[in-house]
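To find a chain, count down the sequence lines: A is the first, B the second, and so on, and within it residues start at 1. It should be emphasised that the depicted structure is a prediction, and the values quoted were computed from it without experimental measurement.
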There are 2 protein chains.
Amino acid sequence: MTEDIPQAPSPAREQADRFLRAREVQSVALLEDYVEMIGDLMAEMGEARVADIAERMGVAQPTATKAVARLKREGLAISRPYRGVFLTEAGGTLAEKVRARHRTVVALLVAVGVPEETAELDAEGIEHHVSDSTLRAFERYLSQR
Amino acid sequence: MTEDIPQAPSPAREQADRFLRAREVQSVALLEDYVEMIGDLMAEMGEARVADIAERMGVAQPTATKAVARLKREGLAISRPYRGVFLTEAGGTLAEKVRARHRTVVALLVAVGVPEETAELDAEGIEHHVSDSTLRAFERYLSQR
DNA sequence: CACGAATTATAGCCTAAGCTATATCTTGAC
DNA sequence: GTCAAGATATAGCTTAGGCTATAATTCGTG
């Protein structure tokens, strides 16, 4: 047998794990975006209609329909055919979390000198990769200054 | 005709554009990761072999082969069957840019209080969404403190 | 209350990125 | 120089997320 007990993984393995994590994050990123969007629409108009979701996400209507189907599968939304889409409790909770994280990321970017517009643009992609640990660090940084 | 000359786009449109941009970024993110990785391997071992690329990326070997094919299509790498993979000049330039951006992102995260390990983990996903403008802001922030 | 317009769903297609299984090529050891 | 082991390529499948075209449903208006 080899020298060592379960211990330091190889550098290659560590690096691979980072990429695996990034890919995992990516797979939930779209879900998060849709959930947040549906939350917005529910707040603004009482319900989210597929056409509005599609318009705001910048996708074709059938793409939005398919995304909603996935949200339903994951227990984040409910809907009946030809009717509006609504978030479940889990969906609502996620939407709130995503919204808060988005605000924090934008605020941090602005705090370190990124122009508002750019911050808003970049945050859309960045936010999904901000872990809870990093998010807390951002909050600490923003509060003590 | 309507009231206004080509001007302020609708909020929905603006939001859609942000998502479109995030999706675009995503489509080049993997290319960037592979190019950086191949650069690392070339520096360490003189060439990048498909098996090593696969191991470090945490994917199966055929997935790496396919990725290399895409890199070749995009003019970022060259290779001959059953031989190592090498970066083109364009690939090398991109690798250097990606590596520098990665370092800056990690440094900024650490500077605002994110633990090293977490910074390294999150940076892997975040970096691809950091625009040139944001990167410059990060550099300014890091230099004046 | 019926019908046309608007909305939503469905069908079918494409590409990217992952996988396993298997075929092909290279190379080092004998 | 052969051949077995190792590395790479290929075939074929899956899922996700796009798209267009078209079918089905709902709803406001006359």
Asker: Check this one for me: any side-chain N or O of T63(A) less than 4.0 Å away from OP1 or OP2 of dC19(D)?
Answerer: yes
Asker: Could you state the CD-P distance from E55(A) to dG18(D), rounded to the nearest angstrom?
Answerer: 16 Å
Asker: Is the shortest distance from a Lys or Arg side-chain nitrogen in E32(B) or R101(B) to a carboxylate oxygen in the other one below 4.0 Å?
Answerer: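 R101(B) and E32(B): salt-bridged.
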Asker: Under a 4.0 Å threshold between the charged nitrogen and the carboxylate oxygen, would D17(B) count as salt-bridged to R13(B)?
Answerer: yes
Asker: Could you check which of dA11(C), dA17(C), dA16(D) has an atom nearest any side-chain atom of K66(B)?
Answerer: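 Out of dA11(C), dA17(C), dA16(D), the nucleotide with an atom closest to K66(B)'s side chain is dA17(C).
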Asker: CZ of R49(B) versus P of dC25(C): gap in Å, rounded?
Answerer: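 One finds 19 Å between P of dC25(C) and CZ of R49(B), rounded.
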Asker: Rounding to an integer number of Å, can you tell me how far D33(B) CG sits from dA16(C) C1'?
Answerer: 15 Å
Asker: Quick one: L71(B) CG to dA17(C) P, roughly how many Å, whole number?
Answerer: 10 Å
Asker: So with a 6.0 Å cut-off around CD of E44(B), is the heavy-atom count from everything else above 12?
Answerer: yes
Asker: Quick check for you: among dC13(C), dT8(C), dA21(C), whose closest atom lies nearest to any side-chain atom of Y82(A)?
Answerer: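 Nucleotide nearest to Y82(A)'s side chain: dT8(C).
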Asker: Nearest-Å distance, CD (E47(A)) to C1' (dT7(C))?
Answerer: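 The distance from CD of E47(A) to C1' of dT7(C) comes to 11 Å, rounded to the nearest Å.
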Asker: In this structure, which one of H102(B), R56(B), E127(B) forms a side-chain contact (heavy atoms from CB on, under 4.5 Å) with D33(B)?
Answerer: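 Among H102(B), R56(B), E127(B), the one that satisfies the side-chain contact (heavy atoms from CB on, under 4.5 Å) with D33(B) is E127(B).
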Asker: Over how many whole Å does the gap from E24(A) atom CD to dA16(D) atom P extend?
Answerer: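 Result: 14 Å.
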Asker: Is the side chain of T118(B) donor-acceptor paired with the backbone N or O of V114(B) at a distance under 3.5 Å, no angle test?
Answerer: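 No, the answer is negative, given that no donor and acceptor are paired below the 3.5 Å cut-off.
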Asker: Using the closest heavy atom to pick a nucleotide of DNA chain D for each, name whichever of L31(A) or D52(B) lands nearer the 5' end.
Answerer: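 Per heavy-atom nearest nucleotide, the more 5' residue is D52(B).
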Asker: Can you tell me if the side-chain N/O atoms of R23(B) get under 4.0 Å from OP1 or OP2 in dG17(D)?
Answerer: no
Asker: Are OP1 or OP2 of dT27(C) and a side-chain N or O of R83(B) less than 4.0 angstrom apart?
Answerer: yes
Asker: For T65(B) and dT8(D), is the shortest distance between a side-chain N/O and OP1 or OP2 below 4.0 Å?
Answerer: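 So the side-chain polar atoms of T65(B) never come under 4.0 Å of the phosphate oxygens OP1 or OP2 of dT8(D).
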Asker: Can you measure R70(B) atom CZ to dC14(C) atom C1' for me and round it to whole angstrom units?
Answerer: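 Those two atoms, CZ and C1', are 14 Å apart.
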Asker: Please classify the nucleic acid contact of A60(B) as base, sugar-phosphate, or nothing, using heavy-atom distances under 4.0 Å.
Answerer: base
Asker: Which residue lies toward the 5' end of DNA chain C, V59(B) or A48(A), if each is placed at its nearest nucleotide?
Answerer: A48(A)
Asker: With distance as the sole criterion, do the side chain of Q61(B) and the base of dA7(D) form a donor-acceptor contact below 3.5 Å?
Answerer: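 Between dA7(D) and Q61(B), which were checked side chain against base, a qualifying N/O pair under 3.5 Å is absent.
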Asker: Looking at the side chain of P62(B), which of dT20(C), dA16(C), dC19(D) is the nearest nucleotide?
Answerer: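 Closest of the options to the side chain of P62(B): dT20(C).
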Asker: Provide, to the nearest angstrom, the distance between the CG atom belonging to L41(B) and the P atom belonging to dA7(D).
Answerer: 14 Å
